[in-house]
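Worksheet: one structure, shown below.
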Amino acid sequence: NAGVTQTPKFQVLKTGQSMTLQCAQDMNHEYMSWYRQDPGMGLRLIHYSVGAGITDQGEVPNGYNVSRSTTEDFPLRLLSAAPSQTSVYFCASSYRQGNTEAFFGQGTRLTVV
Amino acid sequence: GDSVTQMEGPVTLSEEAFLTINCTYTATGYPSLFWYVQYPGEGLQLLLKATKADDKGSNKGFEATYRKETTSFHLEKGSVQVSDSAVYFCALGFNQAGTALIFGKGTTLSVSS
């Protein structure tokens, strides 16, 4: 069982570059989300999706775009990377919305220089 | 708004000591409550959950009771092991379309032999 797969695991970007963090799940979950984890801040929700073709903003959406063309995939795009986006990013999926178990990927550690 | 507050860490214990990590919440409805654990270099995984008042969640020797009167969901373990060293997150979630898990800031536990 692959579960939730994130790529890459590590990435260094220069300020102003763009990139896409990939997330795929094989559990046929409708609900997917992206969080960022920063020291002393816990996990903060960036964007989420309740199904293919439906996305919405979370707590900290600025500077990020998402789309959900299939149930399996939920990529996160950084449009123009900034040092403030240096963080660890986690993708999660769940069968339904917030009251069911969320399954997390292993994370992407992003450094913007 | 809805939120979760956990005790600040790090918590440092000797093997076989008793563990308590405090968690309180603020919520307008009737959330489900969760404890997630993050081992070094990994994503979060569900440790235990409770879906209604007075429910007790338990797993791997850890337990927590949903206390509506004190809005708390404290994590306890009678005898910790070195392998329990990790970051622990308290979270709440609602059975409502378009909602996501809300996390506390996390508590780092370090257990020495």
Side-chain angles (χ1 to χ4, degrees), chain A residues 1-7 9-10 21 23-25 27 29-51 54-61 66 68 74 88-109, chain B residues 1-10 21 23-53 55 57 59 66 73 86-108:
Chain A
N1 260 355
V4 179
T5 303
Q6 287 184 238
T7 55
K9 286 189 168 51
F10 301 95
L21 308 185
C23 176
Q25 53 94 5
M27 296 172 282
H29 285 167
E30 288 298 318
Y31 194 96
M32 296 185 74
S33 52
W34 277 101
Y35 291 87
R36 60 178 288 172
Q37 183 181 25
D38 302 292
M41 302 292 289
L43 277 83
R44 294 181 292 170
L45 183 67
I46 304 171
H47 285 285
Y48 64 93
S49 169
V50 299
I54 306 170
T55 64
D56 206 346
Q57 297 180 351
E59 181 185 355
V60 288
V66 292
R68 184 99 179 269
F74 190 44
V88 181
Y89 292 85
F90 288 100
C91 179
S93 75
S94 59
Y95 176 63
R96 285 194 316 216
Q97 52 269 2
N99 71 331
T100 57
E101 178 181 0
F103 293 82
F104 284 79
Q106 291 212 320
T108 296
R109 183 173 293 276
Chain B
D2 305 315
S3 64
V4 174
T5 302
Q6 307 183 217
M7 62 187 287
E8 297 279 337
I21 300 178
C23 171
T24 58
Y25 68 90
T26 300
T28 52
Y30 302 97
S32 296
L33 300 175
F34 305 83
W35 278 101
Y36 281 81
V37 59
Q38 182 182 30
Y39 298 105
E42 298 184 10
L44 281 71
Q45 56 186 275
L46 180 66
L47 180 60
L48 55 85
K49 73 174 188 179
T51 57
K52 61 183 187 297
D55 269 2
N59 186 24
Y66 190 142
F73 193 54
V87 183
Y88 292 82
F89 292 91
C90 186
L92 65 82
F94 294 95
N95 180 20
Q96 185 177 334
T99 62
L101 286 169
I102 297 171
F103 287 90
K105 293 185 177 181
T107 303
T108 300

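Here is how names work: the chains are called A, B, and so on, in the same order as the sequence lines, proteins then strands, and each is numbered from 1.
Checked by atom type and distance alone, the side chain of A:Q6 pairs as donor or acceptor with a backbone atom of A:G107 at under 3.5 Å.
Of the atoms belonging to A:F103, not a single heavy atom falls under 4.5 Å from chain B. Using a 4.5 Å cut-off between heavy atoms, A:L45 touches chain B through its side chain atoms alone. A:Q37 touches chain B through its side chain: at least one heavy atom from C-beta onward sits under 4.5 Å away, while N, CA, C and O do not. Looking at B:Q38, the atoms closer than 4.5 Å to chain A (heavy atoms on both sides) all sit in the side chain, from C-beta outward.
Listed by chain and residue number, A:R36, A:M41, A:R44, A:S87 satisfy the side-chain contact (heavy atoms from CB on, under 4.5 Å) test with A:D38 (two or more places apart in sequence, or in another chain).
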message = Before you tell me yes or no, could you show the steps for B:Q6 and B:F103 under side chain to side chain contact (heavy atoms under 4.5 Å, CB included), namely the whole-Å CA-CA distance, both residues' side-chain angles and the distance that decides it to 0.1 Å?
response = CA-CA 9 Å; B:Q6 307 183 217; B:F103 287 90; over 6 Å; no
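The closest side-chain heavy-atom distance from B:V37 to B:Q45 is below 4.5 Å.
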